[in-house]
Engineer: 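The structure that follows is given in the form of structure tokens.
Every chain is numbered from 1, with letters handed out A, B, ... down the list of sequences. Keep in mind it's a predicted model, so treat the numbers as computed, not measured.
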2 protein chains.
Amino acid sequence: MNIAQHLSTHDIKPSYQRIKIYEYLYEKMNHPTVDVIYKNLVGEIPTLSKSTVYNTLKLFIDKGITSTLTIEDNEVRYDAAVESHGHFKCTSCGAIFDIKYDFKDVAMNKLKGFEIKETQVHVKGKCNQCLTNKN
Amino acid sequence: MNIAQHLSTHDIKPSYQRIKIYEYLYEKMNHPTVDVIYKNLVGEIPTLSKSTVYNTLKLFIDKGITSTLTIEDNEVRYDAAVESHGHFKCTSCGAIFDIKYDFKDVAMNKLKGFEIKETQVHVKGKCNQCLTNKN
DNA sequence: TTCTAAATTTGTAATCATTACAAAAATAAA
DNA sequence: TTTATTTTTGTAATGATTACAAATTTAGAA
């Protein structure tokens with residue numbers, strides 16, 4: 001994936017900060033919060049401002065190359081994947097797993113005549129590993 | 001529904017404020033925010049504090065008689081219904097509709113060996129009425 | 001009932017994420 | 001090079017939530 005080109009294709013001028021932020025989102029795929037992104041990039045970009053992270057993510061969302069998820073209240077996370085998919089969050093280790101689900105299975109029969117723009121599925125519990133480790 | 005008794009059954013002493021807050025949640029079923037609850041009750045309980053609303057809702061959640069939903073980032077809402085069900089929010093009029101869905105349909109095959117505690121399904125779009133009114 | 005202890009409510013201050021905004025820096029165009 | 005535009009940055013403002021201690025209410029014991 002050529003990130004600069006991907007940004008350009010979506011009408012986003014590929015500045016250094018924008019490339020780095022998108023690169024982080026895309027390569028880590030770890031559903032980071034703004035704070036996590038900032039802390040991970042400020043070493044490499046010492047002048048980086050949190051404002052830039054906020055601005056950039058807002059731009060990415062406007063242009064449709066990033067989506068948000070809010071599993072816990074007060075904890076907005078960002079995702080380079082924009083196709084509909086769900087998220088499982090382990091309440092023990094905090095890890096987030098992507099889960100696929102079939103759009104039409106999610107009670108869409110209940111929403112006849114409604115125009116659906118976005119669906120989010122969040123599941124919380126304990127992951128495989130934490131269960132075996134008895135965390 | 002006898003609210004005082006319902007609270008007592010769940011190990012919550014039925015104070016005046018607690019009864020009123022639960023009553024509001026239960027009778028309106030409008031998925032209110034803290035602010036909405038406060039504004040709607042402060043007329044009847046002039047000394048009511050927002051702290052009380054926060055404290056009370058936290059207590060209700062601990063005791064399992066209230067659940068939260070966060071469809072929009074930064075907008076925590078409360079619900080007297082605790083069974084798994086989904087929510088549709090109309091982006092035009094802001095109304096929230098409950099939707100039933102089948103727990104096991106939501107990609108649970110992907111989560112073998114995981115312990116699932118909670119699922120949330122959020123759908124955004126335009127409701128029937130807004131579509132016909134061309135809002 | 002009266003006294004005392006515990007629980008609840010309240011108001012204010014502190015915190016934290018996010019937004020607003022204007023100055024500084026970088027980039028592009030003339 | 002000069003000028004205009006875009007992007008980045010830092011600080012201040014906002015708003016929701018939490019922390020906390022004082023005031024009030026409730027419950028229990030004497």
Engineer: I need the CD-P distance between E72(B) and dG15(D), as an integer number of Å.
Structural biologist: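 It works out to 18 Å between those atoms.
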Engineer: Return each pair, listed once, that meets salt bridge (charged side-chain N to carboxylate O under 4.0 Å, His left out) where at least one residue sits in residues 77-86 of chain B; pairs must be two or more places apart or across chains.
Structural biologist: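 Sorted pair list: E75(B)-R77(B).
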Engineer: Should side-chain heavy atoms under 4.5 Å link Ile, Leu, Val, Met, Phe, Trp and Tyr, which residues sit in the same cluster as V82(B)?
Structural biologist: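 Cluster partners of V82(B): none, it stands alone.
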Engineer: Let me know the distance between CG of D73(B) and P of dG15(D), rounded to the nearest Å.
Structural biologist: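 Result: 18 Å.
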Engineer: Rounded off to whole Å, could you give me the OH-to-P distance for the Y38(B) and dT17(D) pair?
Structural biologist: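 That distance rounds to 15 Å.
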Engineer: Please give the remaining members of the hydrophobic cluster of I71(B), linking ILVMFWY side chains under 4.5 Å, ordered by chain and number.
Structural biologist: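 Noted: I71(B) shares its cluster with L69(B), I96(B).
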Engineer: Give every donor-acceptor pair under 3.5 Å between a side-chain atom in residues 125-135 of chain A and any protein atom, sequence neighbours left out.
Structural biologist:
| unit_1 | atom_1 | unit_2 | atom_2 | d |
| --- | --- | --- | --- | --- |
| K126(A) | NZ | N135(A) | O | 2.7 |
| T132(A) | OG1 | N128(A) | O | 3.1 |
| T132(A) | OG1 | Q129(A) | O | 2.9 |

Engineer: How many whole angstroms separate atom CD1 of I37(B) from atom C1' of dT17(D)?
Structural biologist: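 So the CD1-C1' distance, I37(B) to dT17(D), works out to 14 Å.
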Engineer: Summarise protein proximity over nucleotides 6-20 of chain C in one line of letters, 5' to 3': B for base, S for sugar-phosphate only, - for none, counting protein heavy atoms closer than 4.0 Å.
Structural biologist: -SSSBBB----SBBB
Engineer: In this structure, are over 12 heavy atoms from other groups packed under 6.0 Å from F97(B) atom CZ?
Structural biologist: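 Yes.
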Engineer: Return each pair, listed once, that meets salt bridge (charged side-chain N to carboxylate O under 4.0 Å, His left out) where at least one residue sits in residues 24-48 of chain A; pairs must be two or more places apart or across chains.
Structural biologist: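 For residues 24-48 of chain A, and leaving out neighbouring residues, the salt bridge (charged side-chain N to carboxylate O under 4.0 Å, His left out) pairs sorted by first residue read K20(A)-E44(A), D35(A)-K39(A), D35(A)-K50(A).
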